[in-house]
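Written out below as structure tokens is the structure these notes cover.
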Amino acid sequence: MEPMTTDHEPQWLTEDEQRTWRAYLHATTLLEDHLDRQLQRDAKMPHIYFGLLVQISEAPRRRLRMTELARSAKITRSRLSHAIARLEKNGWVRREDCPSDKRGQFAVLTDEGLAVLRRSAPGHVDAVRQALFDRLTPAQQKSLGEIMVIVAEGLQPEEAGADLPWLR
């Protein structure tokens, strides 16, 4: 496949747009690092593992198809498999075969995993609140939420066959 070429000059970011873009990148990098360090310190797990535990805990019967978990976490199946193996080693998750699909598996949150999640959630929500929400006015919080919904909706793949890493 040949690279796509265009005959027109790209619309470069203005100085204000560039400042906004770089501030966004800087803030999201710092926020993710802040939350990851808090969870590593308090729960001995990275932020992504916490997110996986939360998603599984919210599923019916605390069990979620691995393919659905990869899709909702936006990570490759390979990366998910590695993460679930680490969570299994800790006794927080177990895998179960899917009775209706010989190749499918469920990730199931164990009682120990739920206990870890319940112990670590208060510190995590405090870290999120301190790092983000306590710094914004209610109006800014509302605007941020509205902006993030618009951005996410614009990036959602419209076709089921989209070539996305977490769908492979």
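Atom set for the values below is all heavy atoms of this structure, side chains included, hydrogens, waters and symmetry mates excluded.
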- Note: R77 and A70 closest approach over all heavy atoms is CG-CB, 4.2 Å
- Task: Work out which heavy atom in H82 is nearest to a heavy atom in Y49; give both atom names and the distance.
- Result: CD2-OH, 4.1 Å
- Message: Looking at every non-hydrogen atom in both residues, tell me the closest pair between R63 and F106 and how far apart they are.
- Response: NH2-CD1, 3.5 Å
- Kindly check if the number of other-residue, nucleotide or ligand heavy atoms within 6.0 Å of CZ (R118) is above 12? no
- Item | Qualifying residue, where the test is side chain to side chain contact (heavy atoms under 4.5 Å, CB included) with F50 and the options are Q40, Q55, Q38, H124 | H124
- Item | Salt-bridge criterion met for R19 and D16 (N-O under 4.0 Å) | yes
- Item | Test applied, side chain to side chain contact (heavy atoms under 4.5 Å, CB included); reference residue, R62; option that passes from T110, D111, V93 | D111
- Message: Please check: side-chain N/O of S143 versus main-chain N/O of Q140, any donor-acceptor pairing under 3.5 Å?
- Response: no
- Nearest atoms (heavy-atom pairs only) where S120 meets L39: CB-CD2, 4.5 Å
- Here the pair of heavy atoms bringing A127 nearest to H34 is O-NE2, 3.8 Å
- Are more than 12 heavy atoms from other residues, nucleotides or ligands located less than 6.0 Å from atom CD of E146? yes
- Heavy atoms of I75 and R79 approach each other most closely as CG2-NH1, 3.8 Å
